[in-house]
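Working notes for the structure below.
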2 protein chains.
Amino acid sequence: MCDFYDPDVNVTDTVTSRLANSGVRVTGARREVLRAIASIEGPFTIEELAAALPEVGRATVYRTVKLLQESDFVCRMVLEDGGIRYELSQGDHHHHLICSQCGRVSEFVDPGLDAIIQANADRRGFDLAGHSVELYGLCAGCR
Amino acid sequence: MCDFYDPDVNVTDTVTSRLANSGVRVTGARREVLRAIASIEGPFTIEELAAALPEVGRATVYRTVKLLQESDFVCRMVLEDGGIRYELSQGDHHHHLICSQCGRVSEFVDPGLDAIIQANADRRGFDLAGHSVELYGLCAGCR
DNA sequence: TTTAATGCAAAGCCTTTGCAACCTC
DNA sequence: GAGGTTGCAAAGGCTTTGCATTAAA
């Protein structure tokens with residue numbers, strides 16, 4: 001579901017060059033949004049992103065995030081309460097641990113989990129295109 | 001996450017009596033909403049529910065579903081696209097297979113999957129309160 | 001009779017869209 | 001210079017809320 005980034009290169013540069021290669025214009029606003037996303041650690045909301053970018057119109061923030069999402073540079077996650085957060089795409093497919101107390105989201109990878117999910121889909125004749133696993137509770141720091 | 005229903009008793013009656021016992025008034029509108037929910041097979045949207053209840057105000061539909069949700073008689077699920085659906089609470093904890101084509105949602109239970117999720121939480125010092133697993137793709141009928 | 005529940009309409013949120021001005025390429 | 005982008009404001013969805021009326025208990 002999510003793309004890889006070359007760990008040796010600045011994320012913002014990587015994305016802008018890929019964007020340029022795909023025929024999309026690299027504008028000031030887009031650079032700003034990318035910089036803001038890169039500077040935010042972890043998942044973010046449109047609200048947070050827009051707050052960090054007072055000089056960029058909200059509509060542009062929405063449009064840019066959508067663009068990045070469609071290009072797989074960021075991926076979207078839906079929280080337990082229906083709230084939506086985005087995050088820079090990580091290299092590998094992963095799942096989320098969401099703390100109900102502090103709201104922090106951490107990630108984990110478990111190929112065994114993915115395999116068992118695939119097996120469940122197969123067993124029911126379901127052609128699996130994707131899946132999401134979210135764990136809710138208290139993180140180590142909040143418990 | 002979801003409650004049990006006594007399989008020998010009509011769901012609507014079960015809920016209304018439990019509701020009454022908890023000091024909530026059993027009104028005509030609430031009975032109507034319950035009947036509509038029971039008659040819809042599988043998960044439903046507020047939209048669908050309201051459409052099935054032209055004589056009940058939309059605000060009441062929202063309020064009643066919220067009430068039922070807070071009482072654990074229905075549970076809420078968030079789809080891949082952020083859309084929200086509700087369903088009568090099932091006895092056991094389960095997961096969803098959501099067809100991207102026809103939108104139908106089916107359920108499955110897999111204790112092994114739940115165990116592996118719990119193990120991941122434990123491994124990271126996370127106090128697990130709940131989790132959601134949603135599979136997206138094409139159902140057997142649509143593929 | 002008391003007071004929770006209802007229904008309507010208005011208000012709130014969040015997100016998208018129309019459009020003229022603007023900026024990449 | 002041409003056409004994709006931006007920003008503003010308006011419009012759209014969906015959900016909640018205020019309030020007078022209605023109806024459970």
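In what follows, every chain begins at residue 1, and chains take the letters A, B, ... in the order their sequences are listed. Basis for what follows: all heavy atoms, side chains included, without hydrogens, waters or symmetry-related copies.
Near DNA chain C, meaning a heavy atom under 4.0 Å away, the residues from residues 22-61 of chain A are R25(A), V26(A), A59(A).
In the 5' to 3' direction, nucleotides of DNA chain D lying under 4.0 Å from heavy atoms of chain B begin and end at dC14(D) to dA25(D).
Summary for the helix from dT1(C)-dA25(D) to dC25(C)-dG1(D): the axes at its two ends, each from 5 pairs, differ by 40° when rounded to the nearest 10 degrees.
Note: CG (L67(B)) to C1' (dA4(C)) measures 12 Å, nearest angstrom. In this structure, E70(B) places its CD atom 12 Å from P of dA5(C), rounding to the nearest Å. We find that CZ of R63(A) is positioned 19 Å from P of dC14(C), with the value rounded to whole Å. Between the P atom of dA5(C) and the CG atom of L19(B) lies a distance of 9 Å, rounded to the nearest Å.
Using a 4.5 Å cut-off between side-chain heavy atoms of Ile, Leu, Val, Met, Phe, Trp and Tyr, with links allowed through other members, V133(B) and L79(B) fall into different hydrophobic clusters. In the hydrophobic cluster analysis, where Ile, Leu, Val, Met, Phe, Trp and Tyr join through side-chain heavy atoms closer than 4.5 angstrom, L138(A) is grouped apart from V105(A).
A salt bridge is absent between E107(A) and R124(B): the closest approach of a Lys/Arg side-chain nitrogen to an acidic carboxylate oxygen does not fall below 4.0 angstrom. Note on R85(B) versus E48(B): salt bridge recorded, some NZ/NE/NH1/NH2 to OD/OE distance being below 4.0 Å. Between E70(A) and R76(A) there is no salt bridge, since no side-chain N of the basic residue sits under 4.0 Å from a carboxylate O of the acidic one.
Using a 4.5 Å heavy-atom cutoff, the side chains of L67(B) and V24(B) are in contact. Side-chain contact between R31(B) and V26(B) is present, with at least one heavy-atom pair separated by less than 4.5 Å.
Note on ring orientation: taking the six-membered ring where Trp is involved, the planes of H131(A) and H93(A) are perpendicular (angle over 60°, cut-offs 30° and 60°).
Taking CZ from F73(B) and OG1 from T16(B), the interatomic distance works out to 9.0 Å, rounded to the nearest 0.5 Å. Taking CD1 of I116(A) as the start and CG of D110(B) as the end, the distance is 4.5 Å to the nearest 0.5 Å.
Between K66(A) and the phosphate of dT15(C), there is no side-chain N or O to OP1/OP2 separation shorter than 4.0 Å.
Inspection of the D114(B) and Q118(B) side chains reveals no N or O donor paired with an N or O acceptor under 3.5 Å.
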